[in-house]
Every structure is written in C-alpha cells, then in structure tokens.
Amino acid sequence: MRVISKKVLREFWEKHSDSEQQLKAWFREADTSKWKSPKEIKKKYPGASFLNDNRVVFNIKGNTYRIIVRINYDYQMVWVRFVGTHAEYDKIDATKI
C-alpha cells in the first residue's frame, strides 16, 4: 500500500512523543501490506473498526491514539485522514473527516 501522508503522522508524534514508535510501526506495516479487503486488515488488526466509504479506524498504543484512514484497495493507496488522541477522536465525525 502507498500511505499518504507520513507527514501527518510525523507532526503528531513530534507533539506526542510516546506515540512515535507505534506510529512508525503502523506506517511500516501498512506501507508493506497488500490489503485487498477489510477482511485482510482484520486478520492483522482485530481491533480495527470499519466505516462507510472505505474508512478504517486503527487503535494505536492501547487505544490511547487513533488513526482514521481511507483506503482504495484497487489502487493500493491509504490516505491518513486523522490522527489524534482518543478524546480528540470522540469530538469528530469519523464518517466525514
């Protein structure tokens, strides 16, 4: 998968240094994956949540942080739409971000 944009993740871990290693690990795993369906993601990330419009919510660092991505399986692309704390996540509409 091609992950767009690592910059968003980097800016987040610069503010929340305790998330850096987990975000880097998630990025490496996503970047080298060849997901073709939500089922394949669920095998690796059983805690992932699937929303409309191919959006997926990943829990990071024991659910302290969350990432919302939008995936195009045909083109093997992942767009990072949101990265934030659990409290920040609770304030947004994950289906529209």
Side-chain angles (χ1 to χ4, degrees):
M1 304 296 284
R2 181 169 175 221
V3 181
I4 303 168
S5 145
K6 187 175 183 178
K7 180 183 177 188
V8 173
L9 300 175
R10 186 179 321 108
E11 288 172 350
F12 186 81
W13 78 56
E14 286 173 354
K15 293 178 185 173
H16 302 273
S17 60
D18 63 322
S19 70
E20 181 175 1
Q21 292 310 311
Q22 290 83 0
L23 288 172
K24 284 181 176 179
W26 177 87
F27 178 85
R28 279 191 303 274
E29 290 172 8
D31 193 51
T32 59
S33 294
K34 302 283 185 212
W35 298 320
K36 298 197 183 313
S37 70
K39 185 177 178 180
E40 291 182 13
I41 295 170
K42 200 68 165 169
K43 286 180 192 176
K44 177 71 178 170
Y45 296 96
S49 300
F50 298 89
L51 310 173
N52 292 337
D53 203 21
N54 289 325
R55 284 184 168 79
V56 183
V57 180
F58 293 94
N59 299 318
I60 303 295
K61 197 176 182 251
N63 207 17
T64 302
Y65 303 108
R66 291 198 169 173
I67 301 173
I68 301 172
V69 301
R70 185 168 181 220
I71 299 177
N72 184 312
Y73 296 99
D74 293 334
Y75 290 102
Q76 292 287 288
M77 303 203 44
V78 176
W79 287 271
V80 176
R81 308 293 294 162
F82 169 86
V83 59
T85 65
H86 191 94
E88 291 168 337
Y89 173 84
D90 288 342
K91 294 177 184 175
I92 64 163
D93 182 348
T95 63
K96 295 182 180 175
I97 198 155

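Side chains of Ile41 and Phe50 form a contact here, defined as non-hydrogen atoms less than 4.5 Å apart. Looking at Leu9 and Ile67, their side chains come closer than 4.5 Å, going by heavy atoms from C-beta outward. You'll find the side chain of Val83 stays beyond 4.5 Å of the side chain of Trp13, heavy atoms only.
Trp26 and Val57 sit in two unconnected hydrophobic clusters of ILVMFWY residues. Membership requires side-chain heavy atoms under 4.5 Å apart, directly or through other members. Both Phe27 and Ile60 belong to a common hydrophobic cluster when Ile, Leu, Val, Met, Phe, Trp and Tyr are linked at side-chain heavy-atom distances under 4.5 angstrom. Hydrophobic cluster membership differs between Ile97 and Val69, with clusters built from Ile, Leu, Val, Met, Phe, Trp and Tyr side chains linked at under 4.5 angstrom.
Scored by the side chain to side chain donor-acceptor pair (under 3.5 Å) test, Lys61 finds Asp18 as partners (sequence neighbours excluded). Among residues two or more places apart in sequence or in another chain, the side-chain contact (heavy atoms from CB on, under 4.5 Å) test is passed with Ser5 by Lys7, Val8. With sequence neighbours excluded, the residues satisfying side chain to side chain donor-acceptor pair (under 3.5 Å) with Lys24 are Glu20.
Residues Asn59 and Gly47 come closest through the heavy atom pair ND2-O, 3.3 Å. Taking all atoms of both residues into account, the shortest heavy-atom contact from Met1 to Asn72 is CE-O, 4.3 Å.
Sorted by first and then second residue, the salt bridge (charged side-chain N to carboxylate O under 4.0 Å, His left out) pairs with a member in residues 66-91 read Asp53-Arg70; sequence neighbours excluded. For residues 60-89, the pairs satisfying ring-ring contact (aromatic ring centres under 6.0 Å, His included) are Phe12-Tyr65, His16-Tyr65, with sequence neighbours left out.
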Please table the atom pairs, donor to acceptor, closer than 3.5 Å between any side-chain atom in residues 30-40 and protein atoms at least two apart or in another chain.
| unit_1 | atom_1 | unit_2 | atom_2 | d |
| --- | --- | --- | --- | --- |
| Thr32 | OG1 | Arg28 | O | 2.9 |
| Thr32 | OG1 | Glu29 | O | 3.4 |
| Ser33 | OG | Glu29 | O | 2.5 |
| Ser37 | OG | Lys39 | N | 3.4 |
| Glu40 | OE1 | Lys36 | N | 3.0 |

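For the atom pair Ile68 CD1 and Leu51 CG, the distance stands at 7.0 Å (nearest 0.5 Å).
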